[in-house]
**Q** 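The following block contains the structure, expressed as structure tokens.
Just the heavy atoms: all of them, side chains too, but no hydrogens, waters or symmetry mates, feed the values below. All residue numbers refer to positions in the sequence shown, counting from 1. Note that ligands are numbered from 1 as they come in the structure, with each ligand's atoms numbered from 1 the same way. The model shown is predicted, which means the values in this text are computed figures rather than measured ones.
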Amino acid sequence: MTYTKYSASGNDFVIFHTFTKKDYSQEAIKLCNRTEGIGADGLIVLVPNENADFEWLFYNSDGSDASMCGNGTRACAHYAYTNDLAPSTMNFLTGAGLIKSIVENSIVETQLTAPIVIKEEFKQEGFTWYLVDTGVPHLVTIVDDLEKYDHDLCAKMRYEHNANVNFAKIEDSKDGKVLKVRTYERGVEGETQACGTGMAACFLRANNLNLVKDKTFVYPKSGEELTLSLIDSTIYFKGAVKKVFTTSF
Ligand SMILES: N[C@H](CCC[C@H](N)C(=O)O)C(=O)O
């Protein structure tokens with residue numbers, strides 16, 4: 001089998017395509033293992049679909065499946081286009097529904113699914129939280145210092161709410177207010193270099209509080225620049241992806 005490793009702003013994935021739709025959770029654990037496998041935050045498998053350009057199966061590195069992955073959609077779209085599996089503007093089926101992505105060289109933009117606010121605001125562990133589903137569930141707290149991010153606290157909140165956990169900080173820049181985000185990812189069970197649906201959740205919370213504009217630069221742990229836009233209640237997520245290598249075994 002031929003596998004391709006992608007990095008989407010530091011969130012990394014193993015991707016392959018096949019005609020066989022089955023459970024690949026065990027393959028995900030092996031392939032994502034960073035000492036004995038290729039190493040990645042997740043596995044993406046493309047399979048044929050009669051109602052879209054393709055369907056994807058997404059697994060976190062612990063083998064759990066997830067309905068959506070923002071960075072994964074950007075990497076997957078680039079993979080599909082460069083392997084002639086889809087046109088540069090494509091629609092593919094995920095667990096969160098149909099996703100539209102547009103590939104322009106190494107820049108890929110994804111139209112995310114409609115966000116669903118689960119809990120508007122609640123206090124816990126000394127922080128004020130917002131819980132929203134941007135394809136997968138995310139807890140968001142806005143802080144004045146990202147060093148307040150704490151692994152054990154995130155793990156507690158992750159299991160209690162079955163959600164990814166995000167700390168966000170608003171900063172001034174030459175481009176106006178920007179967001180910096182740190183994310184503890186469910187299914188990786190630790191901080192990742194970037195989390196697309198997490199950045200979208202933080203952007204939505206900050207925008208709802210009128211702290212950032214409808215088009216904002218967002219910087220995850222990796223420091224790479226992503227653009228989040230809100231147009232007619234739809235979130236668009238845009239940034240570069242990198243095909244790292246392809247291997248077969
Ligand atoms: N770990 C997430 C799925 C991947 C989300 C993230 N990698 C993204 O880019 O949105 C979950 O199980 O809810």
Side-chain angles (χ1 to χ4, degrees), residues 5-15 23-25 28-29 31-32 34 39-45 56-79 92 94-97 99-101 108-116 118 129-140 151 154-155 157-168 179 181-205 218-228 235-242:
K5 166 86 182 255
Y6 265 86
S7 173
S9 314
N11 208 187
D12 56 356
F13 307 95
V14 175
I15 306 180
D23 176 4
Y24 288 98
S25 54
I29 294 169
L31 291 166
C32 294
R34 293 193 185 279
D41 293 327
L43 170 65
I44 300 172
V45 184
W56 91 349
L57 309 173
F58 179 87
Y59 302 89
N60 290 304
S61 56
D62 69 354
S64 61
D65 61 278
S67 51
M68 206 359 218
C69 174
N71 284 318
T73 64
R74 298 191 300 110
C76 177
H78 190 274
Y79 174 91
F92 56 97
T94 72
I99 290 292
K100 177 180 180 180
S101 293
V108 185
E109 180 176 70
T110 288
Q111 177 181 329
L112 297 179
T113 52
I116 302 164
I118 302 165
W129 300 96
Y130 169 76
L131 179 56
V132 61
D133 186 306
T134 49
V136 288
H138 284 274
L139 286 160
V140 175
H151 173 87
C154 287
M157 295 296 288
R158 170 263 183 271
Y159 281 103
E160 187 167 321
H161 299 274
N162 189 27
N164 302 276
V165 187
N166 301 268
F167 281 65
L179 264 178
V181 174
R182 296 183 68 177
T183 305
Y184 175 106
E185 268 203 56
R186 184 179 69 168
V188 177
E189 302 314 332
E191 183 174 15
T192 54
Q193 290 297 305
C195 177
T197 48
M199 284 187 265
C202 295
F203 163 70
L204 194 64
R205 173 62 166 168
V218 181
Y219 301 89
K221 177 80 172 178
S222 67
E224 291 199 28
E225 182 177 282
L226 282 296
T227 305
L228 271 294
I235 302 176
Y236 296 83
F237 173 50
K238 187 175 187 177
V241 298
K242 182 179 180 183

**Q** Heavy-atom distance under 4.5 Å between the side chains of N71 and S9, does that happen here?
**A** yes
**Q** Any non-hydrogen side-chain atom of M68 less than 4.5 Å from a side-chain atom of F58?
**A** no
**Q** Please identify which atoms of ligand 1 are closer than 4.0 Å to at least one heavy atom of A66.
**A** 3 (C), 11 (C), 12 (O)
**Q** Do the non-hydrogen side-chain atoms of L226 and P220 ever get within less than 4.5 Å of each other?
**A** yes
**Q** Which of the atoms of ligand 1 are close to V136, meaning less than 4.0 Å from one of its heavy atoms?
**A** 13 (O)
**Q** Is the shortest heavy-atom distance from the side chain of W56 to the side chain of T73 under 4.5 Å?
**A** yes
**Q** Could you tell me the residue and atom name of the protein heavy atom closest to atom 2 (C) of ligand 1, and the distance to it rounded to 0.1 Å?
**A** N164 OD1, 3.4 Å
**Q** For ligand 1, which part of N60 has a heavy atom less than 4.0 Å away: the side chain, the backbone, both, or neither?
**A** side chain
**Q** Of the side chain and backbone of V188, name the one, both, or neither that has a heavy atom under 4.0 Å from an atom of ligand 1.
**A** neither
**Q** Please set out all donor-acceptor pairs under 3.5 angstrom arising from side-chain atoms of residues 192-199, sequence neighbours excluded.
**A**
{"from": "T192", "atom 1": "OG1", "to": "E185", "atom 2": "OE2", "distance (Å)": "2.9"}
{"from": "T192", "atom 1": "OG1", "to": "A194", "atom 2": "O", "distance (Å)": "3.0"}
{"from": "T197", "atom 1": "OG1", "to": "H138", "atom 2": "NE2", "distance (Å)": "2.7"}

**Q** Evaluate G70 for polar contact with ligand 1, using N/O atom pairs at a separation under 3.5 Å.
**A** yes
**Q** Strictly under 4.0 Å, does any heavy atom of N11 approach an atom of ligand 1?
**A** yes
**Q** Mind checking whether C195 contacts ligand 1 via backbone (N, CA, C, O), side chain (CB onward), both or neither, at a 4.0 Å heavy-atom cut-off?
**A** both
**Q** Which label fits Y6 and H78: parallel for a plane angle under 30°, tilted from 30 to 60°, or perpendicular past 60°?
**A** perpendicular
**Q** Answer with yes or no whether H138 contacts ligand 1, where contact means a heavy atom under 4.0 Å from a ligand atom.
**A** no
**Q** Does ligand 1 have any atom that is closer than 4.0 Å to a heavy atom of G187?
**A** no
**Q** Can you check whether P115's main-chain N or O pairs, donor with acceptor, with T134's side chain at less than 3.5 Å?
**A** no
**Q** Report the part of T197 in contact with ligand 1, treating N, CA, C, O as backbone and CB onward as side chain, heavy atoms under 4.0 Å; options are side chain, backbone, both, neither.
**A** both
**Q** Among all protein heavy atoms, pick out the one at the shortest distance from atom 9 (O) of ligand 1; state its residue, atom name and that distance to 0.1 Å.
**A** G196 N, 2.8 Å
**Q** Tell me which one of R186, Q193, E185 gets a heavy atom nearest to atom 5 (C) of ligand 1.
**A** E185
**Q** Can any side-chain N or O of Y59 pair as donor or acceptor with the backbone N or O of Y24 at less than 3.5 Å?
**A** yes
**Q** Side chains of Y219 and E224: donor-acceptor distance under 3.5 Å anywhere?
**A** no
